[in-house]
Colleague: 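Pasting in a structure now, in C-alpha coordinates, and then I'll have a few things to ask.
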Amino acid sequence: MRITVPGKPFDIVCKEQSFPEFPGMLFGVLNDNGLMYFNASSYLRSIGSDLKPADFLSQYDPPIQAMQQVYSIKDDEVCILDRDGNLLIEVEFIYMFICFADHQFLGHINERLNDLFSNGFAMSDTALFRLAKDRFPADVIKQMMEDDGQQDAK
(Lines give C-alpha, C1' and ligand atoms only; values in the text may rest on other atoms or scores of the structure.)
Protein backbone atom coordinates (compact mmCIF):
# COMPACT_ATOMS: atom_id res chain seq x y z
CA MET A 1 0.00 0.00 0.00
CA ARG A 2 1.52 3.28 -1.14
CA ILE A 3 -0.93 5.62 0.63
CA THR A 4 -0.37 5.90 4.36
CA VAL A 5 -2.90 7.18 6.83
CA PRO A 6 -1.70 10.30 8.64
CA GLY A 7 -1.03 9.66 12.31
CA LYS A 8 -2.68 12.76 13.72
CA PRO A 9 -6.47 12.86 13.70
CA PHE A 10 -8.20 15.82 12.10
CA ASP A 11 -11.05 17.85 13.51
CA ILE A 12 -13.69 17.01 10.92
CA VAL A 13 -17.22 15.70 11.31
CA CYS A 14 -18.94 13.87 8.49
CA LYS A 15 -22.68 14.26 8.95
CA GLU A 16 -24.00 15.48 5.58
CA GLN A 17 -25.89 12.95 3.49
CA SER A 18 -25.80 13.84 -0.20
CA PHE A 19 -27.01 10.70 -1.95
CA PRO A 20 -30.38 9.12 -1.05
CA GLU A 21 -29.18 5.90 -2.71
CA PHE A 22 -26.43 5.62 -0.09
CA PRO A 23 -27.94 6.73 3.23
CA GLY A 24 -24.92 5.60 5.26
CA MET A 25 -22.49 7.68 3.18
CA LEU A 26 -21.70 10.79 5.22
CA PHE A 27 -19.63 13.77 4.11
CA GLY A 28 -17.70 16.58 5.74
CA VAL A 29 -15.30 19.35 4.77
CA LEU A 30 -11.85 19.70 6.26
CA ASN A 31 -11.39 23.37 7.14
CA ASP A 32 -7.59 23.11 6.86
CA ASN A 33 -7.67 22.67 3.08
CA GLY A 34 -11.35 22.85 2.09
CA LEU A 35 -11.36 19.29 0.73
CA MET A 36 -14.48 17.19 1.13
CA TYR A 37 -14.20 13.70 2.60
CA PHE A 38 -16.57 10.78 3.14
CA ASN A 39 -16.47 8.52 6.17
CA ALA A 40 -15.41 5.18 4.70
CA SER A 41 -15.34 3.42 8.08
CA SER A 42 -18.89 4.35 9.04
CA TYR A 43 -20.20 3.55 5.55
CA LEU A 44 -18.82 0.02 5.68
CA ARG A 45 -20.34 -0.43 9.15
CA SER A 46 -23.70 0.93 7.92
CA ILE A 47 -23.92 -1.72 5.19
CA GLY A 48 -22.77 -4.51 7.50
CA SER A 49 -19.55 -5.13 5.60
CA ASP A 50 -16.50 -6.90 7.01
CA LEU A 51 -14.27 -5.00 4.56
CA LYS A 52 -11.74 -2.50 5.87
CA PRO A 53 -11.05 0.91 4.29
CA ALA A 54 -7.32 0.08 4.31
CA ASP A 55 -8.12 -2.85 1.98
CA PHE A 56 -9.53 -0.37 -0.51
CA LEU A 57 -6.34 1.68 -0.39
CA SER A 58 -4.14 -1.34 -1.05
CA GLN A 59 -6.34 -3.22 -3.55
CA TYR A 60 -7.16 -0.13 -5.60
CA ASP A 61 -3.73 1.50 -5.54
CA PRO A 62 -3.21 1.79 -9.36
CA PRO A 63 -6.64 3.38 -10.02
CA ILE A 64 -6.18 5.63 -6.97
CA GLN A 65 -2.87 6.82 -8.39
CA ALA A 66 -4.50 7.52 -11.75
CA MET A 67 -7.28 9.54 -10.08
CA GLN A 68 -4.73 11.45 -8.04
CA GLN A 69 -3.05 12.56 -11.25
CA VAL A 70 -6.33 13.54 -12.90
CA TYR A 71 -7.50 15.60 -9.90
CA SER A 72 -4.06 16.69 -8.59
CA ILE A 73 -4.64 15.08 -5.18
CA LYS A 74 -1.54 14.74 -3.02
CA ASP A 75 -0.75 11.47 -1.23
CA ASP A 76 -1.46 13.02 2.18
CA GLU A 77 -4.89 14.26 1.00
CA VAL A 78 -6.26 10.89 -0.16
CA CYS A 79 -7.29 9.81 3.33
CA ILE A 80 -7.28 11.15 6.86
CA LEU A 81 -8.42 10.04 10.32
CA ASP A 82 -11.10 11.82 12.29
CA ARG A 83 -11.03 12.20 16.09
CA ASP A 84 -12.98 8.94 16.51
CA GLY A 85 -10.44 6.94 14.49
CA ASN A 86 -12.62 6.64 11.38
CA LEU A 87 -10.87 6.61 8.03
CA LEU A 88 -12.11 9.40 5.76
CA ILE A 89 -11.40 9.33 2.03
CA GLU A 90 -11.33 12.31 -0.32
CA VAL A 91 -14.64 12.60 -2.18
CA GLU A 92 -13.24 12.11 -5.70
CA PHE A 93 -12.76 8.42 -4.85
CA ILE A 94 -16.37 7.81 -3.78
CA TYR A 95 -17.63 5.79 -6.75
CA MET A 96 -14.51 3.69 -6.83
CA PHE A 97 -14.99 3.04 -3.10
CA ILE A 98 -18.64 2.09 -3.53
CA CYS A 99 -17.60 -0.39 -6.24
CA PHE A 100 -15.12 -1.83 -3.72
CA ALA A 101 -17.80 -2.06 -1.02
CA ASP A 102 -20.55 -3.39 -3.33
CA HIS A 103 -19.43 -5.21 -6.47
CA GLN A 104 -22.99 -5.03 -7.87
CA PHE A 105 -22.57 -1.27 -8.07
CA LEU A 106 -19.84 -1.79 -10.66
CA GLY A 107 -22.48 -3.34 -12.94
CA HIS A 108 -24.74 -0.34 -12.38
CA ILE A 109 -21.89 2.06 -13.23
CA ASN A 110 -21.14 0.04 -16.36
CA GLU A 111 -24.77 0.30 -17.47
CA ARG A 112 -24.77 4.09 -16.95
CA LEU A 113 -21.53 4.41 -18.93
CA ASN A 114 -23.09 2.34 -21.70
CA ASP A 115 -26.10 4.71 -21.66
CA LEU A 116 -23.74 7.67 -21.88
CA PHE A 117 -21.77 6.37 -24.84
CA SER A 118 -24.75 4.79 -26.63
CA ASN A 119 -27.37 7.49 -26.13
CA GLY A 120 -25.28 10.55 -25.41
CA PHE A 121 -26.54 11.00 -21.87
CA ALA A 122 -27.02 9.07 -18.64
CA MET A 123 -29.23 9.72 -15.64
CA SER A 124 -29.74 7.97 -12.34
CA ASP A 125 -33.01 6.19 -11.62
CA THR A 126 -33.56 8.57 -8.70
CA ALA A 127 -33.18 11.62 -10.96
CA LEU A 128 -35.60 10.14 -13.50
CA PHE A 129 -38.12 9.45 -10.78
CA ARG A 130 -37.82 13.00 -9.38
CA LEU A 131 -38.29 14.50 -12.85
CA ALA A 132 -41.40 12.39 -13.46
CA LYS A 133 -42.75 13.23 -10.00
CA ASP A 134 -42.20 16.95 -10.59
CA ARG A 135 -43.79 16.86 -14.02
CA PHE A 136 -46.82 14.61 -13.54
CA PRO A 137 -49.54 14.79 -10.89
CA ALA A 138 -49.71 11.86 -8.48
CA ASP A 139 -52.94 10.54 -10.02
CA VAL A 140 -51.32 10.36 -13.47
CA ILE A 141 -48.32 8.44 -12.10
CA LYS A 142 -50.67 6.12 -10.22
CA GLN A 143 -52.65 5.50 -13.42
CA MET A 144 -49.44 4.83 -15.35
CA MET A 145 -48.38 2.30 -12.71
CA GLU A 146 -51.78 0.58 -12.84
CA ASP A 147 -51.70 0.52 -16.66
CA ASP A 148 -48.19 -0.92 -16.56
CA GLY A 149 -49.32 -3.63 -14.13
CA GLN A 150 -52.17 -4.58 -16.45
CA GLN A 151 -49.76 -4.77 -19.39
CA ASP A 152 -47.46 -7.08 -17.40
CA ALA A 153 -50.38 -9.39 -16.58
CA LYS A 154 -51.17 -9.94 -20.28
Side-chain angles (χ1 to χ4, degrees), residues 1-136 141 145 148 152:
M1 176 170 71
R2 184 184 53 80
I3 299 292
T4 58
V5 180
K8 78 168 188 151
F10 288 84
D11 192 21
I12 178 175
V13 177
C14 294
K15 60 182 176 182
E16 289 184 44
Q17 180 190 7
S18 298
F19 301 116
E21 296 90 346
F22 308 105
M25 186 65 75
L26 302 175
F27 300 87
V29 175
L30 183 62
N31 290 333
D32 295 1
N33 60 15
L35 292 176
M36 181 174 278
Y37 289 85
F38 65 90
N39 190 324
S41 298
S42 71
Y43 180 71
L44 290 175
R45 284 192 301 270
S46 77
I47 63 170
S49 176
D50 292 332
L51 295 170
K52 304 289 182 236
D55 296 337
F56 167 72
L57 297 174
S58 62
Q59 293 174 21
Y60 281 66
D61 187 55
I64 289 171
Q65 287 182 50
M67 293 283 286
Q68 281 183 263
Q69 289 178 345
V70 169
Y71 293 106
S72 301
I73 299 170
K74 300 175 199 156
D75 287 349
D76 64 350
E77 294 174 337
V78 172
C79 61
I80 60 174
L81 289 175
D82 69 7
R83 299 248 180 244
D84 295 327
N86 293 305
L87 186 72
L88 312 181
I89 299 175
E90 209 276 338
V91 74
E92 298 299 344
F93 301 99
I94 190 165
Y95 300 113
M96 193 184 311
F97 182 79
I98 295 171
C99 289
F100 162 76
D102 177 4
H103 297 295
Q104 298 300 314
F105 186 69
L106 184 59
H108 176 75
I109 291 288
N110 192 59
E111 287 177 22
R112 297 300 69 80
L113 286 172
N114 187 54
D115 290 346
L116 178 64
F117 289 110
S118 299
N119 305 321
F121 69 94
M123 189 174 285
S124 74
D125 297 342
T126 302
L128 284 170
F129 177 73
R130 271 188 259 154
L131 286 171
K133 195 171 112 185
D134 290 346
R135 181 168 181 157
F136 299 108
I141 293 175
M145 298 294 291
D148 188 50
D152 290 343

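For this chain, numbers begin at 1 and follow the sequence in order.
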Colleague: Find out whether the Lys NZ or Arg CZ of Lys133 is both under 6.0 angstrom from the six-membered ring centre of Phe136 and within 45° of the ring's axis.
Modeller: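 No cation-pi geometry.
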Colleague: Can you check whether Ile73 reaches Val78 side chain to side chain, under 4.5 Å on heavy atoms?
Modeller: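 Yes, side chains in contact.
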Colleague: Evaluate whether atom CZ of Arg135 has more than 12 neighbouring non-hydrogen atoms of other residues, nucleotides or ligands under 6.0 angstrom away.
Modeller: no
Colleague: Could you tell me the separation between the NE2 atom of His108 and the CD atom of Glu21, rounded to the nearest 0.5 Å?
Modeller: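 CD of Glu21 is found 7.5 Å from NE2 of His108.
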Colleague: Got Ile98 and Met25 here, is their nearest side-chain heavy-atom distance under 4.5 Å?
Modeller: yes
Colleague: How long is the straight-line distance from OG of Ser41 back to CG of Leu81, given to the nearest 0.5 Å?
Modeller: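 Here the rounded value is 8.0 Å.
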Colleague: Would a 4.5 Å heavy-atom cut-off, applied to side chains only, mark Arg45 and Ser42 as touching?
Modeller: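 Yes. Closest side-chain heavy atoms under 4.5 Å.
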Colleague: Using a 4.5 Å cut-off on heavy atoms from C-beta on, say whether the side chain of Pro23 contacts that of Gln17.
Modeller: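 Gln17 vs Pro23: side chains touch.
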Colleague: If I take atom OG from residue Ser18 and atom CZ from residue Phe38, how far apart are they, to the nearest 0.5 angstrom?
Modeller: 12.0 Å
Colleague: Taking the six-membered ring for Trp, are Tyr95 and Phe19 parallel (under 30°), tilted (30 to 60°) or perpendicular (over 60°)?
Modeller: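 Plane angle between 30° and 60°, so tilted.
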Colleague: Compare all side-chain heavy atoms of Asp82 with those of Asn39 and state whether any distance is below 4.5 angstrom.
Modeller: yes
Colleague: By ring-ring contact (aromatic ring centres under 6.0 Å, His included), which residues pair with Phe56, not counting sequence neighbours?
Modeller: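 Counting only residues at least two positions away or on another chain, Phe56 forms a ring-ring contact (aromatic ring centres under 6.0 Å, His included) with Tyr60, Phe97, Phe100.
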Colleague: May I ask you to test the Lys52-Leu44 pair for a side-chain heavy-atom distance under 4.5 Å?
Modeller: no
Colleague: Nearest 0.5 Å, please: how far is CG in Leu26 from SG in Cys14?
Modeller: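 Spacing of SG (Cys14) from CG (Leu26) equals 7.0 Å.
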Colleague: List in chain and number order the residues that pass ring-ring contact (aromatic ring centres under 6.0 Å, His included) with Phe129, two or more places apart in sequence or in another chain; answer none if no residue qualifies.
Modeller: none
Colleague: May I ask you to decide if Asp115's main-chain N or O and Ser118's side chain share a donor-acceptor pair within less than 3.5 Å?
Modeller: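 Absent.
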Colleague: Test Ile80 against every option in Leu35, Leu87, Leu88 by the side-chain contact (heavy atoms from CB on, under 4.5 Å) rule and name the one that passes.
Modeller: Leu88
Colleague: Counting C-beta onward and ignoring hydrogens, is there a side-chain heavy-atom pair between Phe27 and Ile94 closer than 4.5 Å?
Modeller: yes
Colleague: Who passes ring-ring contact (aromatic ring centres under 6.0 Å, His included) against Phe22, sequence neighbours left out?
Modeller: Phe105
Colleague: Looking only at non-hydrogen atoms, find the nearest pair between Met96 and Met67 and report the distance.
Modeller: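 That would be CE-CG, 3.3 Å.
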Colleague: I need the Asp75 CG to Ile64 CD1 distance, nearest 0.5 Å.
Modeller: 10.5 Å
Colleague: What's the spacing between Phe121 CZ and Arg112 CZ if we round to 0.5 Å?
Modeller: 11.0 Å
Colleague: Write down the atom of Glu77, the atom of Tyr37, and the distance for their closest heavy-atom approach.
Modeller: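 Distance-wise, the nearest heavy atoms are O-OH, 2.8 Å.
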